[in-house]
> 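After the structure tokens below, expect a handful of questions from me.
Proteins come first, then strands; the chains are lettered A, B, ... in the order of their sequence lines, and each starts at number 1.
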There are 2 protein chains.
Amino acid sequence: MPDAADSAPMNAPSRRRFRREGEERRRQDLIEATLDSVAERGLQGATLRTIALRAGVTAGLIRHYFPGKEELLQEAYAALMGRMTEQAKAALAMEDASPRQRLAAFVTANLNVPIIDARVFSLWATFIGRAGADPSLARAHREGYLGFRNEVEAVVAEVLAAERREPDASQLRHHAIAINAIIDGLWIEGCLAGEMFSPGELAAIGIKTVEAELGLAPLKQFQEK
Amino acid sequence: MPDAADSAPMNAPSRRRFRREGEERRRQDLIEATLDSVAERGLQGATLRTIALRAGVTAGLIRHYFPGKEELLQEAYAALMGRMTEQAKAALAMEDASPRQRLAAFVTANLNVPIIDARVFSLWATFIGRAGADPSLARAHREGYLGFRNEVEAVVAEVLAAERREPDASQLRHHAIAINAIIDGLWIEGCLAGEMFSPGELAAIGIKTVEAELGLAPLKQFQEK
DNA sequence: GAGCTTGTTGCGCAAGTGTATAAATAGCCC
DNA sequence: GGGCTATTTATACACTTGCGCAACAAGCTC
């Protein structure tokens, strides 16, 4: 029925009701809707109309807050990266803990929810797949990666110092690269096929592997039961 | 000059010249053009016209070989996965070598060109990013991953047997998961930021880390100089 | 409440998309 | 060489896309 009059008294074209929101709130909602759309349908499925529908607004409004779709996607990716690295580093913030405990907590945090998450992985993969062609994406990744690796390297240095070992810079770098790879690799496995692993299994494997890499004797207290 | 007559005598609308190719050859070319397009511009940029242009044909021809774009993309992904796993497993085919040497060769092969490659990584990430929403992609990955991990587990079993150690099934599984993660993680680092590592450095780190995971004493012969 | 600002809608547009189909021609068979 | 067939081109079509723009109204100020 093309000429339908909605439930309102049939006179005016009856525009859609709306609420004015604060700028920051709207931008946040639009970015979140963008990430949802990309995670669910990929970059090709994330159209302005889809995003707007999800955010509860009409497509035209997006242009009021972002110069274009390109910029919206860039901001969404930046927000994603920021959240990921923030969560990851948060696990290192334990003040009163031995370096060894902080390292184990770091590994554990990175190999459990919410960091192990299919949606986040989907987003990461979708965006990172464009890094080869998009220099701004590549740079964003590089910075995030190096920041992450430097954190790892710092903790490793503390751990080894506590063991009275004195690795040189090259060894430290290699340890950081290897540990970073272990976490990344297990993270991917967990995100892609989480149900193949029992709860805590990936974290336990991660800790054991990291300890083997650093040549540490196992501690009982961090092994999952 | 909009009304250009090409080098031919100016009379006919002069259709584009073409050559008939064998079916297999055309399908192959179209799949390769598809992978190139996806790697360069992502799934959204891989339009039928772009793909056809790259393959040196017109867009309509694609429908003569594939039911639709969806099927073309699926076949392209299958071809990519097949190539990746084939290359990876090839390194294990050394007949006259110790298990330990084969494991090291496997790690080395997976952490050097052509497996370390920005284009392949871009393709992998782009497709795998859709795995969360596309069950057929998820299944294809799962199978590839398990096949890969089983190969790793088999070699690990041989290596440990040669050392007269007798791991149970659970330990074997954990070793395989960990080693798989190490290779995956280093692979990503190499693909995304290859120039941050000196040639052979990633392979050397990989071998050292794997040996540490398995509790093996280092061998000199596989350390890059 | 009147008036004003501006966040928000609704609609139109040109470009580009995948698909459908008719017309042409390359290359094999005789 | 002449026909035949099916590969290939070319064009059309319905639809979606990002973007531009004018009208509208939500909610503040007075």
Side-chain angles (χ1 to χ4, degrees), chain A residues 2-6 8-9 11-31 33-34 37-38 40-76 130, chain B residues 2-6 8-9 11-31 33-34 37-38 40-76 130:
Chain A
D3 195 15
D6 37 25
N11 41 11
S14 98
R15 231 165 199 249
R16 165 180 177 163
R17 296 273 204 73
F18 62 91
R19 263 191 357 124
R20 293 181 156 208
E21 291 284 357
E23 163 159 359
E24 215 42 53
R25 170 66 186 278
R26 272 277 190 258
R27 292 178 66 90
Q28 202 63 29
D29 285 351
L30 285 172
I31 286 177
T34 302
S37 297
V38 173
E40 221 173 78
R41 314 211 196 176
L43 278 176
Q44 44 180 352
T47 70
L48 290 184
R49 285 166 177 84
T50 298
I51 294 168
L53 181 67
R54 211 183 264 274
V57 297
T58 53
L61 184 60
I62 294 182
R63 289 273 328 224
H64 191 74
Y65 290 101
F66 301 91
K69 190 190 182 185
E70 184 83 14
E71 287 79 7
L72 172 59
L73 285 174
Q74 280 180 15
E75 286 211 32
R130 307 296 322 123
Chain B
D3 194 16
D6 38 22
N11 40 11
S14 99
R15 231 164 198 251
R16 166 180 177 162
R17 294 274 206 73
F18 63 90
R19 261 191 358 125
R20 294 182 154 205
E21 291 284 357
E23 162 160 359
E24 216 42 53
R25 170 68 187 276
R26 270 278 190 260
R27 292 177 66 90
Q28 203 63 29
D29 284 352
L30 285 172
I31 286 178
T34 302
S37 297
V38 173
E40 221 173 78
R41 314 209 196 177
L43 277 176
Q44 45 179 353
T47 71
L48 291 183
R49 286 166 177 84
T50 298
I51 294 168
L53 181 67
R54 212 185 263 276
V57 298
T58 54
L61 185 61
I62 293 181
R63 291 270 327 222
H64 195 260
Y65 289 102
F66 300 91
K69 190 190 181 184
E70 184 82 14
E71 288 79 5
L72 172 58
L73 284 174
Q74 280 180 15
E75 287 212 31
R130 305 298 323 121

> Round to the nearest Å and state the distance from A/Leu48 atom CG to D/dC19 atom P.
6 Å
> Would you kindly give the CZ-to-C1' distance between B/Arg63 and D/dA6, to the nearest whole Å?
16 Å
> Go nucleotide by nucleotide along DNA chain C from the 5' end; which of A/Gly22 and B/Glu71 gets its closest nucleotide reached first?
A/Gly22
> Can you tell me how far P of D/dT9 sits from CG of B/Leu30, to the nearest Å?
10 Å
> Looking at A/Glu70, I want to see if its CD is surrounded by more than 12 non-hydrogen atoms of other residues, nucleotides or ligands under 6.0 Å.
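Incorrect, the count does not exceed 12.
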> Tell me whether the OP1 or OP2 atom of C/dT9 has a side-chain N or O from A/Arg17 closer than 4.0 Å.
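Indeed not, no polar side-chain atom of A/Arg17 lies that close.
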> Need one value for B/Leu61: base, sugar-phosphate or nothing, where a base atom within 4.0 Å counts as base even if backbone is also close, heavy atoms only.
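Answer is base: heavy atoms of B/Leu61 come under 4.0 Å of a base.
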> Nearest-Å distance, CG (A/Leu43) to P (D/dG18)?
11 Å
> Return the 5'-most residue of the pair A/Glu70, B/Thr58 with respect to DNA chain D, ranking by each residue's nearest nucleotide.
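Upstream on the strand: B/Thr58.
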> Examine D/dT8: is either OP1 or OP2 under 4.0 Å from a nitrogen or oxygen in the side chain of B/His64? Give yes or no.
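Checking B/His64 against D/dT8: no side-chain N or O falls below 4.0 Å of OP1 or OP2.
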> Ignoring backbone atoms, test whether B/Tyr65 places a side-chain nitrogen or oxygen under 4.0 Å from the OP1 or OP2 oxygen of D/dT8.
yes
> Applying side chain to side chain contact (heavy atoms under 4.5 Å, CB included) between B/Thr34 and each of B/Ile51, B/Thr50, B/Leu48, report the one that passes.
B/Ile51
> Could you check B/Glu71, B/Glu75, B/Arg27 and say which one makes a side chain to side chain contact (heavy atoms under 4.5 Å, CB included) with B/Tyr65?
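Among B/Glu71, B/Glu75, B/Arg27, the one meeting side chain to side chain contact (heavy atoms under 4.5 Å, CB included) with B/Tyr65 is B/Arg27.
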> Look at atom CZ of A/Arg41 and say whether more than 12 heavy atoms of other residues, nucleotides or ligands are closer to it than 6.0 Å.
no
> Taking CG from A/Leu53 and P from C/dT8, how many angstroms apart are they, rounded to a whole number?
16 Å
> Using atom CD of B/Glu23 as one end and atom P of D/dT7 as the other, report the distance to the nearest whole Å.
7 Å
> Just the rounded figure in Å: distance from P of C/dG16 to NZ of B/Lys69.
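Rounding to the nearest Å, NZ of B/Lys69 and P of C/dG16 are 15 Å apart.
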> Measure across B/Arg130 and B/Leu43 and return the closest heavy-atom pair with its distance rounded to 0.1 Å.
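Looking at all heavy atoms of both residues, the shortest contact is CG-CD1, 3.9 Å.
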> Of all the nucleotides listed (C/dT6, D/dA10, D/dT8), which has the minimum atom distance to the side chain of B/Phe18?
D/dT8
> Applying a 4.0 Å non-hydrogen cut-off, can you work out what B/Glu21 is touching in the nucleic acid: base, sugar-phosphate, or nothing?
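Here B/Glu21 touches the backbone only, sparing every base.
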> Which is true for B/Arg49 with a 4.0 Å heavy-atom rule: it touches a base, it touches only sugar-phosphate, or it touches nothing?
base
> Using a 4.0 Å heavy-atom cut-off, does A/Arg19 contact any base of the nucleic acid, only the sugar-phosphate backbone, or nothing at all?
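Result for A/Arg19 = sugar-phosphate.
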> On a plain distance test, is the side chain of A/Arg16 in donor-acceptor contact with the base of C/dT9 below 3.5 Å?
no
> OP1 or OP2 of D/dT17 sitting under 4.0 Å from any side-chain N/O of A/Thr47?
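A/Thr47 to D/dT17 OP1/OP2: side-chain N or O found under 4.0 Å.
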> Is there a side-chain polar atom (N or O) of A/Arg20 under 4.0 Å from OP1 or OP2 of C/dT8?
no
